[in-house]
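Both ligands and their constituent atoms are indexed starting at 1 by order of listing. Owing to the predicted nature of the structure, the values given are computational and were not obtained by experimental measurement.
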Amino acid sequence: MRIEHGGQSYEPEYLIDGTIMRVSLDEALGAEDGSLSLSMDFAFQIPEYGADRMGQFDAAAGTVFQLAQWYPRMFVFDDVNGWNVMPYLGQGEYYLEYGTFDVNVTVPREMIVAATGTLENPGEVLTAEQRQRLDEARTSDDPVTIIGRGEAGEAGTRPDGSGPLTWQFHAEEVRDFSWAASESFIWDAARAETGDGNPALVQSFYPEEGIGSGPAKGRNAGWEHSTEYVQHSIEHYSERWDAPYPYPTATNVAGIVAGMEYPMIAFCSVESRGPSLFGVTDHEFGHEWFPMVVGSDERRHAWMDEGINTFINQYSTLAYYDQSPAQVRQSFRAAVREGAIDRAADRPILTYSDRIPYDQLGFLAYNKPAAGLFLLREYVLGAERFDAAFQSYYDRWAYRHPQPADFFRTIEDVTGEDLDWFWRGWFFSNDRIDQALTNVSTSGDTTRVQVAQQAGLPMPVELRIERDDGSAATRRLPVEAFFSEDTYTAVVPGDAERVVIDPRGYLPDVDMDDNAWSDGAGIRAPGGSQ
Ligand SMILES: [Zn+2]
């Protein structure tokens with residue numbers, strides 16, 4: 001190991017403890033614009049299967065190697081914790097600093113390499129035919145074959161000569177660098193519009209084993225449709241949240257890894273087909289926005305990338321399959337009610353990533369935070385206010401390191417709404433929602449509806465009041481009506497026949513048995529919507 005610093009070159013003392021290395025500098029590095037260079041030799045054993053983050057898939061035409069977390073890297077130094085010295089533990093991913101990468105990958109000549117960044121020396125590692133096809137792909141909406149099914153692994157796919165080849169990649173403003181290599185890769189590519197005039201090159205690398213059958217939206221679609229999926233994800237997220245994909249490439253690689261995200265590159269299962277291949281691809285490329293651009297601390301706060309990503313994935317999936325938003329509403333409500341009622345997840349979302357029991361990870365890091373943001377957008381704030389705030393969060397924290405409070409503060413700041421009650425109930429605690437009708441009475445031409453919030457998390461109340469003359473009205477009670485008392489009595493004109501809480505079916509109310517009232521039958525469960 002060598003350090004070059006302030007004109008000096010020396011071999012520093014260092015200490016290795018597990019996966020952590022501390023390097024002792026002879027002279028402190030200045031806080032303002034201080035810089036030094038550190039060089040070291042290291043070796044890395046590629047695992048057969050590395051905790052679903054990397055590994056090897058034995059394709060018939062040659063092993064697919066997917067490499068990640070393969071080089072020593074700096075911990076993040078931030079203004080909240082100082083040095084974030086946290087060894088990698090598997091659950092709870094990474095907290096990484098941004099930088100520029102120039103990486104030379106030297107592999108046997110037969111291998112094709114996919115990586116974070118742009119390929120800097122196509123003239124040395126691709127044939128003239130492949131370079132011409134790649135140029136065509138850069139301006140094509142339809143996938144262009146770079147290496148076809150019959151070509152993968154053939155000698156003609158490699159430049160003339162002998163000995164290994166070095167593939168050179170360059171990437172800027174990224175927090176990691178991953179790559180894959182195989183003799184078995186089929187390769188296709190297309191253009192994705194990002195909305196800022198800089199289209200991205202979207203690509204897929206997969207062995208023959210990844211190929212399925214039928215149309216892209218069918219059940220058996222395979223990796224031959226991966227590039228279309230990546231194209232949809234890049235274009236959808238860029239446009240939907242007014243956040244143009246900032247990188248030049250987006251590459252999906254089929255292999256042993258079920259689904260894992262890295263800057264500009266994702267590893268997804270070679271065996272995935274149809275909606276599950278679309279789903280995993282769309283999820284991993286949603287991560288390009290969170291946490292690849294908005295560099296949250298995944299090591300502590302899994303929800304800040306997984307939950308926010310799961311939230312935006314729902315809209316992307318709806319758009320791709322042209323589904324109705326009611327499906328998202330119902331599945332989120334069911335998931336949160338289930339988690340809340342059986343107390344499967346009795347910890348708050350803000351539990352540190354590595355302290356969440358494995359069987360609660362899907363709920364606490366993915367579904368519950370996503371459902372919370374969905375409720376905020378669709379039920380509490382409305383799309384117009386939420387979207388402006390959410391986009392501001394992205395803009396303000398791109399290439400930086402937001403804490404949970406930075407997210408909460410940005411949403412409140414831009415919407416102009418105090419949402420402390422919601423953050424506390426949904427994120428900081430595991431409070432439930434339990435709205436109830438506790439008394440309904442009619443007198444003359446007036447109906448009095450008493451509503452109670454019987455669990456820890458109050459929410460705005462929506463009431464549908466159906467009158468005996470056949471007319472109906474919707475009344476919304478602000479959450480502030482329940483800040484000092486658990487009950488509130490709404491006085492509505494007309495002689496009510498029937499009253500229902502949450503008629504649109506958004507809230508994961510843990511007890512629905514008291515959410516409706518009808519003249520004669522009294523307080524009961526709303527029919528058919530439990
Ligand atoms: Zn994820």
Q) Can we say Arg329 and Glu378 salt-bridge, meaning some charged N sits less than 4.0 Å from an Asp/Glu carboxylate O? A) no
Q) Does a salt bridge link Arg73 with Asp176, judged by any charged N lying under 4.0 Å from a carboxylate O? A)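 The answer is yes: the pair qualifies as a salt bridge.
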**Q.** Partners passing ring pair (Phe, Tyr, Trp, His ring centres under 6.0 Å) against Phe407 (at least two apart in sequence or in another chain)
**A.**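 Result, ring pair (Phe, Tyr, Trp, His ring centres under 6.0 Å) vs Phe407: Trp303, Tyr393.
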Q) With Phe185, which residues qualify under ring pair (Phe, Tyr, Trp, His ring centres under 6.0 Å), at least two apart? A)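 Scan of Phe185 (ring pair (Phe, Tyr, Trp, His ring centres under 6.0 Å), adjacent residues dropped) gives Phe205.
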Q: Could you check whether the rings of Phe311 and Tyr315 sit parallel, tilted or perpendicular, using 30° and 60° as the cut-offs?
A: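 Taking Tyr315 first and then Phe311, their aromatic rings stand perpendicular (interplane angle over 60°).
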Q.
I'd like to check the salt bridge (Lys or Arg N to Asp or Glu O under 4.0 Å) partners of Arg175; sequence neighbours left out, ordered by chain and number.
A. Glu298
(Q) Just to be sure I understand the site: which N, O or S atoms from the protein are less than 2.8 Å away from the Zn ion (ligand 1)? (A)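 The answer is His283 NE2, His287 NE2, Glu306 OE1, Glu306 OE2.
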